[in-house]
Amino acid sequence: MNTEQDLNLKQKLSMKLLKVVLLAAFCLGFALSLIQIFIDARQSSLAIDSEAEQMLSMIREPSLRAAYRIEPQMGEEILTGLLEHKSVHVAAIKIPDEPELAVVERPLSTSRYRQFSDYIFEPIRIYRVSLDTRPPDREHYGELLLAIDTAYYGREFIQRSYIVMLSGLVRSLAMALLLYFIYTLLLTKPLNRLIRNLAKINPDQPGQHKLPMPSGHRQNELGLWVRTANQLLDSIERNFQLRQKAEEQIMRLSQYDYLTRLPNRRTLQKHLQKLISQIDENQQKMAILCLGLDDFKSLNAQFNFNAAEHILVKISDRLRNQIGNRAYIGRLGEDQFAIVLSPLEQPYEAAEMAQELLKQLARPFAINGEHITISATVGITLYPDDGQDVDNLLQQSEFAMIMAKSRNKNRYQFYIATIDTEIRQRKKLEMDLHLALEQSELSLRFQPQVNLNSSRIIGVETLLRWKHPDKGLISPDTFIPMAENSLDIIPIGDWVLESACNQLNVWRQSGYTELRMAVNLSAVQLQDKNIVERVEYLLNKYQIPANKLELEVTETSIMEDIEVSSAQLQRLKQAGVILALDDFGTGYSSLSYLKRFPFDKIKIDKSFVDGLPGSKENTVIVEAIIQLGKSFGLEVIAEGVETAAQESHLRQAGCLEGQGYFYGKPMLDDEFLDVLKNWDRHQ
């Protein structure tokens with residue numbers, strides 16, 4: 001009887017204990033779930049802000065260009081891309097004192113969870129970013145506005161909250177039941193043994209230690225509990241491993257492009273930052289190549305989405321195989337790739353790699369039984385020459401690629417500083433420059449070239465000047481690149497070439513038959529397929545011997561397209577004109593280029609003549625260039641000669657010709673004729 005009463009008492013205590021444990025587990029599970037939901041709400045709110053900032057950051061630069069150019073269609077295209085994000089409600093580009101430049105909008109979501117999510121996240125979140133240029137010349141062009149509909153995030157949050165609450169309660173109740181059974185059997189010998197074994201389980205590797213089966217309990221509840229617990233430990237181990245793999249996959253996806261498996265922009269930026277720190281220690285250089293596919297949007301229109309993605313994968317594989325271990329490649333955007341070449345001995349190595357990549361992409365791709373040809377354009381920027389900030393370097397390589405596309409596709413372009421300086425003023429000047437030739441604002445100046453041994457004027461260089469009606473004289477360093485970018489350089493260059501030949505003809509008729517005329521040939525003119533015929537026509541028209549016309553090209557103009565430049569220079573050489581390499585030593589050429597191209601003369605840049613003979617460094621450079629010219633059988637002319645000491649030093653070093661203010665500033669044709677007439681009596 002006592003035993004039966006004791007049993008009933010134990011049952012009552014067990015039931016009471018079970019109720020208390022379940023209630024405590026329910027409360028604890030509910031509280032922990034609320035805390036987890038609160039944390040998730042905070043993280044979701046931050047995720048909304050972060051994604052909005054990323055979208056603003058992604059389109060800020062294109063929006064700045066659209067605001068600067070005041071091009072609504074371009075702004076509309078930029079903003080339309082944001083509608084791929086379902087959360088975007090309104091996106092707009094605003095410019096000062098004007099209505100919106102461009103606006104895209106979609107209706108608010110009618111999610112059934114909206115009444116809850118609006119209370120938590122607010123119905124709409126508005127973000128703004130100012131469209132300003134970078135310091136030091138910060139200019140304000142407008143504002144980029146983005147309104148986010150939080151219902152999409154709220155729906156996912158509430159769905160997660162349901163799962164968190166339910167799973168939290170289930171886990172808590174399950175753990176409570178487990179603890180209850182353990183507690184009620186605490187005094188039994190098998191359970192004591194089990195508890196000792198439970199203490200040996202490693203939480204990080206729970207499946208490696210199994211609970212022993214109590215002797216004689218294999219077929220009862222305790223044996224079932226042990227088997228279930230071991231299965232649970234195995235399940236936890238498997239889930240733990242799966243979670244680790246999932247975390248690794250998430251980490252990999254955050255660092256690599258999902259389609260091509262190439263490093264994404266963020267990973268590329270980290271790699272560049274790491275390279276810069278290593279390069280700074282070793283005083284090395286590197287090049288960043290931005291490769292953009294030409295007309296990829298039309299390719300998307302021609303094929304379906306899956307085929308376009310397949311093409312991108314094939315392109316990335318071909319680029320990766322071509323580069324091998326020589327460089328680091330990543331994907332910048334839909335149709336853009338970045339190649340980091342480091343360490344870099346000479347900048348021409350970047351040009352050679354660009355040529356290799358362009359040739360590889362020119363090979364046909366087989367898609368859906370069709371063979372298609374894809375071309376690309378490459379922009380190149382150099383570290384540390386062009387900058388030291390990772391974002392700026394990537395941006396500069398993209399700008400160089402864009403400039404190259406604006407001139408001619410399937411080519412490469414080195415970054416130059418004038419690409420992104422004072423864009424608005426540049427555009428206005430470009431418009432004025434387009435009319436400058438028609439309105440007779442352009443004129444020529446002539447600067448004598450002197451034989452250092454005989455002290456006689458043997459040549460003259462033609463220099464272009466632009467007198468703006470409002471701004472006065474505009475530096476050639478400013479308007480020549482503009483003319484090249486807008487292709488106005490072709491009619492301007494033709495006018496300069498013909499005017500120079502005409503003037504030389506006039507002087508020859510005046511008795512100066514040995515005078516040689518030097519004319520600068522721009523990069524665009526050098527790529528013009530009709531330039532050779534144009535030169536031959538002018539030589540014949542003005543009855544000028546071919547060896548009395550000297551065409552000067554710069555190293556950077558050759559680098560625009562090495563293959564085309566080589567062919568064009570060979571044809572010009574066959575026409576009999578003199579070819580001079582201008583600004584020698586300031587560009588990216590190598591000694592192999594002096595052998596490859598048919599130059600007759602190299603021109604020492606003014607920056608190396610400055611400081612002679614006092615500057616030891618410049619003295620070494622100038623003497624080395626002169627000896628280099630002799631080794632290749634080339635004449636050497638030095639520009640920027642301003643003193644008798646400089647002339648004397650250059651003559652003693654073996655330089656044949658000089659040009660600079662020491663002999664005369666750039667002057668009008670009649671002034672130059674007076675100099676010619678009075679030159680001998682002044683010697």
Side-chain angles (χ1 to χ4, degrees), residues 351 400 403-409 411-419 421 426 429-430 432-434 436-437 441-447 460-466 474-501 517-538 549-573 575 577-584 586-589 593 597-599 601-603 605-606 639 666:
M403 174 170 277
K405 281 191 176 184
S406 68
R407 292 179 175 176
N408 191 12
K409 297 175 182 177
R411 61 195 297 272
Y412 61 87
Q413 163 78 53
F414 277 89
Y415 173 79
I416 53 177
T418 54
I419 290 178
T421 57
R426 176 188 177 92
L429 277 178
E430 284 180 353
D432 294 342
L433 181 61
H434 186 68
L437 186 60
E441 297 172 9
L442 299 179
S443 60
L444 298 183
R445 298 293 185 274
F446 304 94
Q447 189 173 33
V460 56
E461 181 177 5
T462 303
L463 301 171
L464 181 62
R465 295 293 183 263
W466 177 24
I474 305 295
S475 171
D477 292 338
T478 300
F479 73 82
I480 292 296
M482 289 182 182
E484 291 180 335
N485 189 37
S486 64
L487 300 183
D488 285 332
I489 194 65
I490 294 179
I492 291 175
D494 286 346
W495 176 81
V496 171
L497 192 58
E498 178 154 11
S499 299
C501 290
M517 178 69 75
V519 182
N520 289 284
L521 209 60
S522 73
V524 178
Q525 287 178 284
L526 185 59
Q527 310 303 317
D528 184 4
K529 61 181 181 180
N530 297 320
I531 185 62
V532 179
E533 289 74 13
R534 177 68 174 164
V535 169
E536 291 176 337
Y537 167 76
L538 292 176
L549 178 62
E550 179 179 306
L551 299 179
E552 297 183 0
V553 296
T554 62
E555 299 179 23
T556 50
S557 67
I558 296 173
M559 297 287 284
E560 293 281 346
D561 191 321
I562 295 176
E563 298 298 330
V564 173
S565 297
S566 177
Q568 293 285 71
L569 290 173
Q570 292 290 350
R571 293 179 61 204
L572 287 170
K573 181 65 177 177
V577 299
I578 298 174
L579 298 178
L581 181 59
D582 196 8
D583 299 338
F584 184 78
T586 62
Y588 307 126
S589 67
Y593 289 172
F597 299 111
F599 291 112
K601 180 186 296 187
I602 54 178
K603 197 170 188 179
D605 187 70
K606 179 181 182 298
E639 62 179 350

> Distance only, no hydrogens: is a donor on one side chain within 3.5 Å (strictly under) of an acceptor on the other, for Gln527 and Ser565?
Replying inline: yes
> Is there a side-chain contact between Leu579 and Val553, using heavy atoms and a 4.5 Å cut-off?
Replying inline: no
> Measuring from Gln447:CD to Glu461:CD, what's the distance to the nearest 0.5 Å?
Replying inline: 7.0 Å
> At their closest point, which heavy atom of Ala500 faces which heavy atom of Met517, and how far apart are they?
Replying inline: O-CE, 3.4 Å
> Looking at CG of Leu581 and CZ of Phe599, how far apart are the two atoms once the value is rounded to the nearest 0.5 Å?
Replying inline: 4.5 Å
>> Ignoring hydrogens, what is the shortest heavy-atom contact between Pro598 and Leu569? Give both atom names and the distance.
In response: CG-O, 3.7 Å
> Considering all heavy atoms of both residues, which atom of Phe479 and which atom of Leu433 are nearest to each other, and what is their separation?
Replying inline: O-CD2, 3.4 Å
> If you measure from the Lys or Arg side-chain nitrogens to the Asp or Glu carboxylate oxygens, is any gap between Glu550 and Lys603 under 4.0 Å?
Replying inline: no
> When rounded to the nearest 0.5 angstrom, what is the spacing between CZ in Arg465 and CG in Leu442?
Replying inline: 11.5 Å
> Going by heavy atoms in the side chains, are Phe446 and Thr462 under 4.5 Å from each other?
Replying inline: yes
> Just how far is it from atom CG of Asn520 to atom OG1 of Thr554, taken to the nearest 0.5 Å?
Replying inline: 8.5 Å
>> Taking Arg534 first and then Glu498, would you say they form a salt bridge - that is, a charged N and a carboxylate O separated by under 4.0 Å?
In response: yes
> Between Ala518 and Glu552, which heavy-atom pair has the shortest distance, and what is it?
Replying inline: CB-OE2, 3.7 Å
> If every non-hydrogen atom of Ala351 is compared with every non-hydrogen atom of Phe414, which pair is closest and at what distance?
Replying inline: CB-CE1, 4.0 Å
>> Walk me through whether Ile474 and Asp432 qualify under side chain to side chain contact (heavy atoms under 4.5 Å, CB included).
In response: CA-CA 11 Å; Ile474 305 295; Asp432 294 342; over 6 Å; no
> Run the side-chain hydrogen bond (donor to acceptor under 3.5 Å, both in side chains) check on Gln525 and Asp494 step by step: do they pass?
Replying inline: CA-CA 9 Å; Gln525 287 178 284; Asp494 286 346; 4.5 Å; no
>> Could you measure the distance from the CD1 atom of Ile531 to the CD1 atom of Ile490? Nearest 0.5 Å is fine.
In response: 9.0 Å
> Distance from Leu444 atom CG to Leu464 atom CG, nearest 0.5 Å?
Replying inline: 6.5 Å
> Do the side chain of Gln568 and the main chain of Leu526 share a donor and acceptor less than 3.5 angstrom apart?
Replying inline: yes
